[in-house]
Amino acid sequence: MNLSDIAIDQELLPKLGLNPKQTEAVQYFSGPLLILAGAGTGKTKTLTSKIALLIASGVPPGRILAITFTNKAAQEMQQRVAKIVPYAGGMWIHTFHALGARMLRQHGRHIGIKPDFVIYDDDDQKKLITLSMTELGLEAEKNKAPMYLSIISRAKDDLLDAQSYLINAQASGDQSRLKAAQIYGLYQKKLSESGALDFGDLIVRTAELLKENDEVRAYFQENFQYILVDEYQDTNHAQYVLVKTLCAKHRNLCVVGDPDQSVYGWRGADIRNIMEFEKDFPDASTVVLEQNYRSTARILHAANEVIKHNRNRKPKDLWTKAGHGEEPAVLEYNNETDEARGILDRVKELTARGGLTYNDIAVFYRTNAQSRSFEEACRRARIPYRLIGSVRFYDRKEVKDVLAYLKLLVNPADMVSLLRVINVPARGVGKTAMERVMAYSRLKDIPLYQALLASDQVPDLTNTARRGIKEFLDLLEGIKSDLFSATPSAMLAQVLEKSGYWQMTEEEKDQQEALARQGNLQELVNAVKDFEEHCVKEGTPPTLHKYLEDVMLASQVDKLNTDTYALTLMTVHLAKGLEFPAVFLTGLEENLFPINSAHSDEEDLEEERRLAYVGMTRAKERLFLTWAGTRRIFGTTYPNLASRFIFESKIAARTTRHPGGEEEEELPAATRPPPALPRVGKGRRVMHPVHGPGRVVEQVGTGEFAKVTVVFDSGVRQTLMLKYAPLKPI
């Protein structure tokens with residue numbers, strides 16, 4: 001079917017309840033389309049309506065691919081489409097990683113990937129990198145494993161495999177890059193030996209599959225007549241290449257996003273993908289969604305005032321038909337402790353007299369470390385809270401242990417899972433024994449599991465270790481015999497009983513710890529049963545493979561549970577896609593938010609500003625921007641300057657909290673004259689209230705973007721934004 005010839009279902013279109021711009025986007029069926037969707041402008045409704053209209057107009061559901069960034073968004077989209085057109089089964093609605101996993105399980109054999117591969121999460125990856133470093137004689141640097149994981153992940157985002165990275169490193173002559181290349185190469189080899197893929201591989205290997213196999217590429221290019229990509233501003237280079245490859249034949253690509261909400265540059269997202277979409281597709285149409293359905297007018301005005309300071313953006317101005325609403329407020333506190341207490345006082349007011357519940361309120365912060373003061377304050381005030389982004393349920397030790405057993409049943413070659421549980425519960429196979437088995441596997445160039453099977457040939461193993469290895473192998477083989485006949489929950493029950501893991505928790509000396517672990521294991525049983533019930537509703541078989549894949553690909557906000565009333569605490573990075581009637585955006589201080597502002601370039605500052613914009617536009621009715629005059633970092637108290645984002649917001653309602661606790665309303669921001677920039681050119685002596693006297697050694701930029709570098713007499717060197725720096729010429 002040629003999509004340009006589709007007869008739009010004119011009966012359905014008016015029933016979708018779309019505004020004129022949404023309607024324009026939804027009924028555009030032929031060729032590339034860029035939908036610039038501002039925060040709260042109904043992009044999910046637009047996307048789901050577009051998919052439903054395509055299906056109602058005759059496009060088979062199985063020929064539509066929609067890509068989202070979280071499983072939760074994918075499920076929500078599936079459900080919304082099904083409510084509009086009940087015959088929507090068979091759509092491909094996935095995250096990028098889930099799409100890659102599905103394509104590789106179906107066709108990965110063409111590039112040497114078996115369909116029973118397991119997916120390694122961050123923790124698994126770090127352990128495999130540590131093993132690689134040890135083998136390379138770099139054990140003393142194992143604390144740098146997270147750094148090397150980041151380097152490898154960014155390389156994969158840029159479609160650089162281990163060999164390509166090595167070539168680049170050799171060309172650069174940089175010794176640190178050469179070391180990273182060594183680790184990358186061995187890490188990738190161990191991934192392959194373990195029958196495992198990491199998150200980057202799910203995209204990179206899929207792109208490789210499409211590049212290397214003409215038949216598979218032609219099949220998917222023909223099959224996907226229409227491709228829709230949500231949150232396009234957050235795609236990396238590998239994802240960009242994957243999308244361009246898949247849409248090459250029909251070219252019916254619809255991308256939805258907002259450059260003003262691009263906040264993941266630090267993990268590989270490339271804002272150029274959306275900024276240059278019209279350059280990639282010169283015949284593309286563009287529709288801008290600006291009518292906001294989430295926030296009040298005053299909140300939108302403040303957010304618009306902040307984001308317009310960014311130069312690298314596509315202009316738009318959010319507006320709403322909703323009322324003006326309450327004026328957003330700026331709250332100043334003495335320190336982080338007062339900030340947490342003061343915010344909770346406001347939370348109590350909002351719930352007592354503002355008609356809100358704890359579920360309606362969120363506290364956002366820039367770094368995870370800031371959560372501590374809020375957690376302590378919540379406990380003291382006896383306010384229930386949920387901490388998003390802390391240790392996930394699936395990252396808890398006992399849960400990961402049991403999942404490792406389940407992974408081994410699916411794929412015995414999984415080295416990381418094997419090393420995790422071969423001696424849990426203890427069965428006499430300690431660290432020394434496993435080092436000897438690993439040395440034997442390297443000597444014979446065989447996978448670790450095969451070395452265990454040949455443990456009789458491994459020199460210097462004790463009889464206790466040999467018995468323990470046999471017990472472990474017999475356990476796995478005994479349970480594995482039911483793999484294709486038993487349900488995942490039945491397999492889990494066997495693992496808990498036959499491995500002795502449940503009994504081990506019962507024998508723990510710390511009763512409270514034992515109860516906590518047993519509670520988590522019981523919750524794991526519930527989770528598996530929920531998965532099975534969901535599969536039954538969808539009409540798909542509930543396999544252990546599928547459950548493990550769902551677990552690995554779940555994001556931290558997918559499981560946001562709002563069943564119990566609790567205040568939400570989270571980093572602002574995790575807030576994307578969420579909304580709350582009341583939001584506190586906290587820690588708005590120079591060098592914290594924006595982070596490291598004294599040493600940031602303009603590109604970094606623009607991403608920080610976008611992050612502030614995202615936080616502000618999560619608020620529906622009430623918005624509070626807070627900052628503390630001093631903050632303790634690594635045990636030392638530092639004075640702070642209010643963040644530039646506070647001044648840029650032009651919020652009039654400001655409250656200053658003095659040491660005695662009294663509050664004083666300041667003059668509205670609009671009535672205060674802007675501070676004059678100090679005349680402090682290069683070479684000028686200046687005075688700073690904290691650092692004392694010093695000399696300006698460099699000045700860059702002009703006007704409100706001017707920065708000066710000062711070497712103070714104390715020896716401290718600081719780069720400061722002249723607009724905000726409390727410098728006086730002397």
Side-chain angles (χ1 to χ4, degrees), residues 120-158 160-194 196-201 266-268 367-369 391 395 397 400-401 404 413-424 426 429-449 451-452 458-462 465 596 599 633-636:
Y120 276 2
D121 63 14
D122 285 356
D123 190 47
D124 298 329
Q125 292 171 253
K126 287 172 190 171
K127 288 179 180 175
L128 204 60
I129 286 174
T130 301
L131 285 172
S132 301
M133 293 174 71
T134 300
E135 198 169 313
L136 291 168
L138 300 171
E139 189 171 12
E141 297 184 45
K142 64 183 181 181
N143 63 314
K144 295 182 180 179
M147 179 189 77
Y148 287 115
L149 171 58
S150 178
I151 289 171
I152 292 169
S153 297
R154 296 297 76 77
K156 291 185 179 184
D157 290 341
D158 292 332
L160 285 174
D161 60 17
Q163 186 60 33
S164 301
Y165 188 87
L166 174 61
I167 292 170
N168 287 351
Q170 289 171 334
S172 72
D174 186 321
Q175 292 303 309
S176 62
R177 290 187 66 189
L178 284 168
K179 188 185 297 182
Q182 273 188 299
I183 295 168
Y184 186 1
L186 186 54
Y187 164 79
Q188 205 62 32
K189 180 175 181 286
K190 289 185 178 297
L191 269 178
S192 179
E193 290 172 351
S194 300
L197 301 178
D198 62 19
F199 293 129
D201 286 334
W266 54 277
R267 71 179 191 194
T367 66
N368 277 309
V391 178
D395 288 338
K397 181 186 182 304
K400 283 195 74 89
D401 286 347
D414 182 352
M415 183 189 303
V416 170
S417 294
L418 193 155
L419 290 171
R420 183 180 187 97
V421 296
I422 191 168
N423 204 40
V424 181
V429 191
K431 182 181 178 182
T432 301
M434 285 310 299
E435 285 174 350
R436 288 169 180 164
V437 175
M438 291 170 71
Y440 182 80
S441 75
R442 290 195 297 271
L443 177 67
K444 297 295 184 181
D445 196 22
I446 58 175
L448 186 56
Y449 193 81
L452 288 175
V458 178
D460 301 324
L461 276 186
T462 65
N596 200 25
H599 303 286
I633 303 173
F634 295 117
T636 303

Discussion item. Among residues at least two apart in sequence or on other chains, which ones pass salt bridge (Lys or Arg N to Asp or Glu O under 4.0 Å) with Glu139?
Written reply: none
Worksheet entry | Under the side chain to side chain contact (heavy atoms under 4.5 Å, CB included) test, residues paired with Lys179 that sit two or more places apart | Leu138, Glu141, Tyr148, Ile183
Practice prompt. Starting from the C-alpha separation in whole Å, work towards a yes-or-no answer on side chain to side chain contact (heavy atoms under 4.5 Å, CB included) for Glu135 and Met438.
Written response: CA-CA 10 Å; Glu135 198 169 313; Met438 291 170 71; 5.9 Å; no
Worksheet, complete the sentence: Ser164 meets the side chain to side chain contact (heavy atoms under 4.5 Å, CB included) criterion, sequence neighbours left out, with Leu160, Asp161
Worksheet item: Excluding sequence neighbours, so at least two apart, what forms ring pair (Phe, Tyr, Trp, His ring centres under 6.0 Å) with Tyr449?
Response: none
Item to complete: Just jot down the side chain to side chain donor-acceptor pair (under 3.5 Å) partners of Arg436, sequence neighbours excluded, or say none.
Response: none
Discussion item. Run the salt bridge (Lys or Arg N to Asp or Glu O under 4.0 Å) test against Lys142 and tell me which residues pass, sequence neighbours left out.
Written reply: none
Discussion item. So, using side chain to side chain donor-acceptor pair (under 3.5 Å) as the criterion, who are the partners of Thr367 when residues are at least two apart?
Written reply: Gln370
Worksheet entry | Euclidean distance, Leu131 CG relative to Tyr187 OH, rounded to 0.5 Å | 11.5 Å
Worksheet item: Is the closest basic N to carboxylate O distance between Lys397 and Asp401 below 4.0 Å?
Response: yes
Worksheet item: Residues in salt bridge (Lys or Arg N to Asp or Glu O under 4.0 Å) with Arg267, at least two apart?
Response: none
Practice prompt. Please name all residues satisfying salt bridge (Lys or Arg N to Asp or Glu O under 4.0 Å) with Asp201, sequence neighbours left out, ordered by chain then number.
Written response: Lys156
Response to the item:
Applied to residues 169-178, the side-chain hydrogen bond (donor to acceptor under 3.5 Å, both in side chains) test, sequence neighbours excluded, yields Asp174-Ser176
Worksheet item: What pairs with Ala196 under side chain to side chain contact (heavy atoms under 4.5 Å, CB included), at least two apart in sequence or on another chain?
Response: Val118, Tyr120, Leu191, Ser194
Worksheet item: Lys400: what forms a side chain to side chain contact (heavy atoms under 4.5 Å, CB included) with it, not counting sequence neighbours?
Response: Asp121, Asp123, Asp124, Asp395, Arg420
